[in-house]
Amino acid sequence: MKLFTPYRAVSRGVTVSLGLAVWALVIGAWTLVTYGGQVPEMFLPAPGKVAATAWRLAEDGTLWEHTWASAKVVLTGFAVSSVVAIPLGLYMGTYRVVQAGLEPLVNFIRYLPVTSFVPLFILWIGIGFQQHIAVIIFGVFFQQLVMVADAARSVPRDLVNAAYTLGTTRGETVRHIVFPYTLPMVLDVLRVTMGWAWTYLVVAELVAARAGLGYISLKAARGFQVDIIFLAIAMIGLLGLLTDQGFRLARRLVAPWAEAVR
Amino acid sequence: MNSADITVTDVTLRYGGKQPVLALDRLSLDVKPNEFAVIVGPSGCGKSSLLYLIAGLEERSGGSITVGGSEVHGPGADRGMVFQSYTLFPWLTVAENVAYGPKRRGAADPAVVARYLEEVGLAAFAKHYPAQLSGGMKQRVAIARALANDPAVLLMDEPFGALDSQTRHAMQRLLLRVWDHTKKTVLFVTHDIEEAILLADRVFVMSGRPGQIRRVLTVDFPRPRHEDLVLDPAFIAMKREIMGLLKQDEE
Ligand SMILES: Nc1ncnc2c1ncn2[C@@H]1O[C@H](COP(=O)(O)OP(=O)(O)OP(=O)(O)O)[C@@H](O)[C@H]1O
Ligand SMILES: [Mg+2]
């Protein structure tokens with residue numbers, strides 16, 4: 001049973017066929033219970049129905065319109081959050097004074113449920129695009145901050161000491177040592193939190209949205225259009241998968257040295 | 001090639017915390033320019049602490065340290081260091097690691113990098129990442145990296161501690177050859193008595209905590225020294241003397 005040796009690499013063929021097999025199993029089961037009539041169509045649409053809806057909405061352009069609207073919200077919110085969280089997190093993990101100041105507050109805020117802030121955001125920012133990205137930012141920023149700070153803290157002290165003995169100054173430490181050392185870890189943080197950003201999309205579009213995948217699925221729920229809900233969910237999943245692969249690729253490209261390990 | 005003396009006068013180091021530790025107690029030593037000085041001492045006697053103090057990576061509680069006549073306040077490129085743990089920058093290739101110091105000073109010279117890689121026998125590995133090297137190779141790059149920065153003194157904290165004895169002997173030969181070419185002042189820490197005698201002009205034997213210099217021995221076996229020297233009666237006598245000095249702490 002070589003396949004079941006812990007941590008042992010398996011061939012590309014096995015990886016791909018296993019991945020496909022599990023998908024086939026899920027879709028197969030879905031097909032079976034819907035066409036077999038076990039579950040009423042009102043609760044679970046047949047795969048063919050969802051595919052047909054997808055085709056129809058793709059052709060008239062509404063699918064792309066809503067996908068683009070959602071992608072804009074998620075990507076903007078995520079970018080704004082990351083641009084601040086990465087440098088701040090690196091400084092927080094490197095300098096104890098920054099950590100001492102920020103950590104108690106950050107650790108309090110990051111356990112607060114995002115949903116409960118939606119009314120506040122509406123009150124403060126009004127409704128619309130800014131309010132939507134505020135939800136995404138609130139959902140990922142504090143998590144990113146803590147995870148990036150952890151990565152920065154993991155830099156071996158003697159690596160920094162070695163840099164000092166080679167002429168690096170204290171002020172250069174973050175830029176010259178902490179940042180390059182933690183880059184692959186930071187990209188992993190981005191990959192994971194990007195997934196969370198997508199999960200907050202529906203919360204973001206809960207109120208006062210005029211477009212977006214979260215918006216159409218909420219609207220569809222009112223009209224019992226289960227096929228559209230399924231389509232929206234599938235689109236969010238696909239976009240998540242795409243960004244995930246994007247970050248994996250970026251990690252391989254910008255930090256090839258981290259791939260050489262082991 | 002610059003090279004300087006090290007003077008440590010009455011240096012005290014106290015670590016704070018819940019249980020304060022007096023690591024070094026009024027320790028004094030001096031190393032001459034171009035000298036190869038070796039410190040041996042029991043584990044925990046403060047050998048690493050002393051090197052970190054000279055490197056300026058740790059703050060002394062009292063006393064004075066000068067390198068090349070100027071007082072040590074914080075780290076600087078004039079004092080190169082090779083650590084016991086592997087400290088190559090993993091995101092840089094071997095050649096980029098060696099070029100790191102000169103580049104910081106805006107004086108990157110590919111010829112210098114090539115020369116030191118040649119010196120440690122790793123010219124063929126210039127484009128490898130540290131993760132692709134063995135432990136001995138990593139320490140060789142670390143030595144090349146420290147030397148390429150042209151420090152006045154080279155501090156070495158048990159750099160071969162984690163290596164097997166074969167590799168260790170090869171590394172000792174390599175280090176002596178490089179030292180012969182560069183004539184840097186070297187302060188080398190080890191707990192291996194044979195290594196100390198094989199390498200040193202003078203051996204500083206430290207006492208257990210709090211660390212002090214218990215005895216200074218001048219080693220005048222002619223160079224280059226062959227490994228068979230360890231069988232020489234005079235070598236064995238010196239080894240026995242150092243062992244005796246170290247044993248006093250076990251009682
Ligand atoms: N950061 C620290 N905080 C408190 N005590 C410390 C610290 N670093 C070292 N010590 C203590 O200071 C003493 C000297 O430590 P040091 O690492 O210099 O010893 P050493 O001679 O290099 O030992 P070894 O041969 O095991 O490497 C030890 O007793 C150690 O417990
Ligand atoms: Mg030590």
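FYI, side chains are in, hydrogens and waters are out, and symmetry mates aren't considered; it's all heavy atoms of this structure. We name chains A, B, ... by the order of the sequence lines, and we start the count at 1 in each one.
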**OP:** May I ask you to name which of B:Leu57, B:Asp78, B:Asn149 has the most heavy-atom pairs under 4.5 Å with chain A?
**Re:** B:Leu57
Subject >> Within 6.0 angstrom of A:Arg175 CZ, more than 12 heavy atoms from elsewhere >> reply: no
Original post:
In this structure, are over 12 heavy atoms from other groups packed under 6.0 Å from A:Phe179 atom CZ?
Top reply: no
Original post:
Would you find more than 12 non-hydrogen atoms of other residues, nucleotides or ligands less than 6.0 Å from A:Arg96 atom CZ?
Top reply: no
Subject >> Contacting region of B:Arg79 [heavy-atom separation from chain A under 4.5 Å] >> reply: backbone
**OP:** Check each atom of B:Leu155 against the heavy atoms of chain A and say whether the ones under 4.5 Å are side chain, backbone, both or neither.
**Re:** neither
Subject >> Whether over 12 other heavy atoms sit under 6.0 Å from A:Arg191 CZ >> reply: yes
**OP:** Please round to the nearest 0.5 Å and tell me the distance separating atom CG of A:Leu166 and atom CZ of B:Phe89.
**Re:** 5.5 Å
Subject >> More than 12 heavy atoms from other groups under 6.0 Å of CD on B:Glu59 >> reply: no
Subject >> For B:Thr87 against A:Leu159, the heavy-atom pair lying closest together >> reply: O-CD1, 3.4 Å
**OP:** Drop me the distance from A:Thr165's OG1 to B:Leu154's CG, to the nearest 0.5 angstrom.
**Re:** 9.5 Å
Original post:
Among A:Ala163, A:Pro156, A:Pro184, who wins on heavy-atom pairs under 4.5 Å with chain B?
Top reply: A:Ala163
**OP:** With rounding to the nearest 0.5 Å, note down the distance linking CD1 in A:Ile177 to CH2 in B:Trp91.
**Re:** 4.0 Å
Subject >> Considering all heavy atoms, the nearest A:Ala162-B:Arg145 contact >> reply: CB-NH2, 3.6 Å
Original post:
Looking only at side chains, do A:Asp158 and B:Ser85 share a donor and an acceptor under 3.5 Å apart?
Top reply: yes
Subject >> Choice from B:Ala55, B:Gly76, B:Gly56, B:Pro130 maximising heavy atom contacts with chain A below 4.5 Å >> reply: B:Gly76
**OP:** Measure distances from A:Pro180 to the heavy atoms of chain B and classify the residue's part below 4.5 Å as side chain, backbone, both or neither.
**Re:** both
**OP:** Would you name the heavy atoms of A:Trp257 and B:Pro90 that are closest together and state the gap between them?
**Re:** CB-O, 3.3 Å
**OP:** Starting at NE2 of A:His176, measure out to CZ of B:Arg104 and round the result to the nearest 0.5 Å.
**Re:** 3.5 Å
